[in-house]
Amino acid sequence: MSSRKILVTAALPYANGQIHIGHLVEYLQTDIWVRFQKLRGHRCLYICADDTHGTAIMISAKKEGISEEAFIARTHGEHQQDFAQFDIEFDNYGSTNSPENRELCGEFWTQIRQAGLVKEKDVEQLFDPEANTFLADRFVRGTCPKCASPNQPGDNCSACGAHYTPIELIDPVSTLSGATPEVRSEKHLFIELEKLHGFLDEWTQSGAHLQPEVANYLKGHFLHEPLRDWDISRPAPYFGFEIPDFPGHYWYVWFDAPIGYMASTKQWCAKHGESFDDWWRGDTAEIHHFIGKDITYFHTLFWPGMLKTAGFALPTKVHIHGFLTVDGAKMSKSVGTFVAARTYLDHLDPAYLRYYYASKLTPRVDDLDLNLEEFATKVNADLVGKVVNLASRTARFAGATGLSETYPEDGGLFAHAAAQSEEIAAAYEACDYNKAMRMILALADRANPYVETKQPWTLKKDPDKQGELQDVCTVALNLFRQLAVYLAPVLPRLARQTGELLGDPIVRWDQAQTPLVGTPVGKFEHMLQRVEPKKVEAMIEASKEEAAAAEAAAPSAHNDSDEALQAEPLADECTFDDFTKVDLRVARVVAAEQVPEARKLLKLTLSLGGDERRTVFAGIKAAYEPEQLVGRLVVFVANLAPRQMKFGLSEGMVVAAGPGGADVFLLNVDEGAVPGQRVH
RNA sequence: GGCGGCAUAGCUCAGUUGGUUAGAGCAGCGGAAUCAUAAUCCGCGUGUCGGGGGUUCGAGUCCCUCUGCCGCUACCA
């Protein structure tokens with residue numbers, strides 16, 4: 001077979017959070033595929049990177065009071081560590097916030113502009129004046145414009161099902177800051193994807209690049225009508241790359257993220273003296289993307305369209321998998337099934353998860369269920385009981401003699417397993433790991449009865465049968481080694497341990513074709529511990545606690561400091577009678593005007609209802625414009641002794657909080673209260 | 001509403017282009033063995049292959065239809 005050049009990517013994890021067992025479905029599926037290809041002797045690169053741009057990163061960094069760069073640098077380290085400990089081996093792990101990516105984005109942009117696909121349009125969007133950012137739908141809640149249910153999401157109503165834009169919401173609130181967002185209009189750049197409709201029809205429906213259900217999905221949901229323009233710019237502030245010919249605007253994160261695959265490849269090429277174009281132009285290399293079903297349309301419509309327009313190679317295949325469920329349900333933080341990679345590693349061996357996922361993965365887009373009880377029984381029965389047990393029950397007998405000089409008669413067992421090689425390989429190639437695992441385990445099921453019938457433990461006792469004993473062990477260990485070769489993509493550590501035990505590293509798939517003879521056998525040590533259900537429980541328990549702790553540590557919008565209290569400690573106790581001496585009243589501001597000579601004061605005219613008017617000079621000039629005050633309700637200290645001021649008589653005061661200067665905040669009065677009412 | 005998928009033993013599933021009495025693992029029951037991480041081996045399944053109809057000499061396997069579940073999507077086919 002001729003050697004292929006294969007570039008493989010897994011989706012770029014967002015730098016906003018830690019890796020969890022749901023992510024690992026994809027990185028393990030991909031890692032197994034890559035290891036398989038390498039074992040088969042192909043040139044194969046596993047390329048990934050952190051996806052670092054966008055509003056969410058900005059917000060997270062701000063929350064922690066650090067720069068976006070510092071934030072994503074920290075995540076980058078954490079991600080790489082988690083992956084490495086799961087034996088996920090990338091050839092290059094980059095970042096979308098890299099010079100290579102910026103440069104490539106520019107290159108794409110030039111080509112897309114030249115192809116006449118870029119269009120400018122005005123977009124109205126909600127803007128959070130406090131967080132100083134435009135708000136995506138999911139960051140807005142408010143009252144449904146149709147049925148008036150309060151606290152509904154930004155895109156549709158959970159009560160009546162109405163669909164709307166966040167702009168239509170009544171009393172919208174930003175979930176980032178709690179502020180009331182305002183509508184702002186901005187220019188955005190769009191890619192006219194419709195101009196590529198013909199190409200995308202052909203590419204998605206050819207049958208070569210996508211799973212059939214995915215091709216059908218695209219046809220039914222997008223390609224049956226004109227494709228909508230794709231909004232690929234975001235106005236400042238935005239953490240990302242500024243668009244060179246459109247200052248103040250940035251490429252939307254989904255524009256630069258897939259280009260990150262290429263940027264990461266470019267880094268690898270620079271390190272290894274390889275030509276980037278050999279991998280991403282022409283047809284010398286295959287390109288395989290592994291992604292989850294949630295990002296299907298970015299990878300099957302926009303991305304091929306971008307590549308096509310910019311003159312790069314198109315994906316050979318996009319492999320799409322489903323989501324992870326745990327015990328039949330969505331991962332849940334409160335139940336403890338939202339398990340971080342790190343938490344898993346604190347309790348369990350990564351080999352378990354690698355094998356369990358492999359045994360469940362098929363080429364289909366179906367969701368994958370991690371049943372925790374099955375997880376333990378399956379791993380123990382299959383790997384410990386059947387596979388490793390083969391070595392465990394014979395290696396000790398062969399330590400003294402090593403393997404026989406010639407491979408003994410084994411009733412065709414080795415030849416049978418060798419003959420399965422191509423079919424198992426085809427299952428791996430097709431991402432049908434479920435089938436591959438079943439075939440491999442069936443081989444283990446043939447090997448154990450062999451040991452049973454030959455009874456090496458009986459042979460051991462008979463000095464005349466030492467040769468036979470050596471032969472039996474030679475067969476059993478070779479059958480075991482075949483399994484280790486076939487399982488090597490899934491269980492790299494087991495393959496390494498097997499190589500050490502038999503003094504012959506496992507590096508090629510076709511090592512399963514030839515038995516090992518005449519070599520020494522090392523001291524057997526346990527290769528894999530059994531899964532202890534208690535540890536699985538402990539992991540779930542730990543996840544539950546982590547979720548609870550995270551909740552307590554981050555009261556989201558209410559992360560209050562003690563600064564205010566420190567600055568102005570609590571006053572001495574007073575009696576209720578003391579309190580009632582102060583007559584607080586609701587009042588409406590009916591007039592407000594500047595006092596030109598005053599540095600801090602505004603002159604307010606307050607109505608207490610009816611004809612009652614009071615004039616107050618309030619020290620809020622730096623915080624409020626007179627026009628924003630007129631009409632609003634305030635809390636007024638009605639019986640405060642009048643005070644003659646330079647500009648007139650002040651007949652009371654309005655209450656406000658804050659240290660002063662521009663940081664003064666008038667107390668608001670909830671709806672329903674009317675001027676003249678006393679505050680109790 | 002539309003599109004896609006699934007429906008096979010208590011549980012998880014396999015059944016390749018339709019072909020002999022429908023299989024495996026786990027769990028369960030009985031036995032053996034004691035080399036091995038209480039691992040292993042042997043034996044034990046009368047399942048309406050979701051219901052109905054059709055094509056065919058023959059269908060779990062193809063077609064139609066109904067029902068149920070899941071996913072995506074939405075008033076637009």
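Letters go in sequence order (proteins before strands), and every chain restarts at 1.
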(message) So, taking the atom named CG in A/Leu368 and the one named OG1 in A/Thr362, what distance separates them when rounded to the nearest 0.5 Å?
(response) 8.5 Å
(request) Quick one: pull up CZ in A/Arg40 and CZ in A/Arg4 and give me the separation to the nearest 0.5 Å. (result) 9.0 Å
Starting from [atom2] on [N], measure out to [atom1] on [X] and report it in whole angstrom.
X	N	atom1	atom2	answer
A/Leu368	B/rC13	CG	C1'	13 Å
A/Asp382	B/rA24	CG	P	16 Å
A/Asp369	B/rC70	CG	C1'	13 Å
A/Arg446	B/rG25	CZ	C1'	17 Å
A/Leu370	B/rC13	CG	C1'	17 Å
A/Lys378	B/rC13	NZ	P	10 Å

With no hydrogens and no angle check, do the side chains of [X] and [Y] hold a donor and an acceptor under 3.5 Å apart?
X	Y	value
A/His288	A/His319	yes
A/Gln497	A/Glu525	no
A/His321	A/Glu26	yes
A/Tyr355	A/Asp382	yes

Could you tell me how far [M] sits from [N] if I compare only their [atom1] atoms? Round to whole Å.
N	M	atom1	value
B/rG18	B/rC49	C1'	15 Å
B/rG2	B/rU65	P	12 Å
B/rC66	B/rA7	C1'	14 Å
B/rC42	B/rC6	P	34 Å
B/rA27	B/rU12	C1'	11 Å
B/rU20	B/rC62	P	16 Å
B/rA14	B/rU34	P	39 Å
B/rU37	B/rG50	C1'	43 Å

Between [X] and [Y], is the ring centre distance below 6.0 Å?
X	Y	result
A/Tyr261	A/His299	yes
A/Phe290	A/Trp33	yes
A/Phe302	A/Phe255	no
A/Trp509	A/Phe36	yes
A/Tyr297	A/Phe222	yes

(request) List the atom of A/Gln466, the atom of A/Leu459, and the distance in Å for their closest heavy-atom pair. (result) NE2-O, 3.3 Å
(request) Report, as yes or no, whether the 6.0 Å neighbourhood of atom NZ on A/Lys330 holds more than 12 heavy atoms from other residues, nucleotides or ligands. (result) no
(request) For the pair A/His188 and A/Asp122, evaluate side-chain contact (heavy atoms from CB on, under 4.5 Å) and give the outcome as yes or no after the intermediate values. (result) CA-CA 6 Å; A/His188 281 236; A/Asp122 285 326; over 6 Å; no
Report all interatomic pairs (protein N or O, nucleotide N or O of nucleotides 71-73 of chain B) with separations under 3.5 Å.
residue	atom	partner	partner atom	Å
B/rG71	O2'	A/Lys293	NZ	3.4
B/rU73	O4'	A/His221	NE2	3.4

Could you list the protein-to-nucleotides 7-12 of chain B atom pairs, N/O on both sides, closer than 3.5 Å?
residue	atom	partner	partner atom	Å
B/rU12	O2'	A/Lys360	NZ	2.9

(message) Looking at A/Arg493 and A/Asp87, is any side-chain nitrogen of the basic one under 4.0 Å from a carboxylate oxygen of the acidic one?
(response) yes
(request) Look at A/Lys360 together with A/Asp369 and state whether they make a salt bridge at an N to O cut-off of under 4.0 Å. (result) no
(request) With sequence neighbours left out, write down each residue that passes side chain to side chain donor-acceptor pair (under 3.5 Å) with A/Trp254, or none if nothing qualifies. (result) none
(message) Defining pairs by Watson-Crick or G-U wobble geometry with both distances under 3.5 Å, how would you list the stems of RNA chain B with at least three pairs each?
(response) B:1-7 with B:67-73, B:10-13 with B:23-26, B:28-32 with B:40-44, B:50-54 with B:62-66
(request) Any chance you could list the contact pattern along nucleotides 32-44 of chain B? Use B for base contacts, S for sugar-phosphate-only contacts and - for none, protein heavy atoms under 4.0 Å, 5' to 3'. (result) -SSBBB-SBS---
Scan nucleotides 14-16 of chain B against the protein and return all N/O pairs shorter than 3.5 Å with their distances rounded to 0.1 Å.
residue	atom	partner	partner atom	Å
B/rA14	O2'	A/Arg438	NH1	3.0

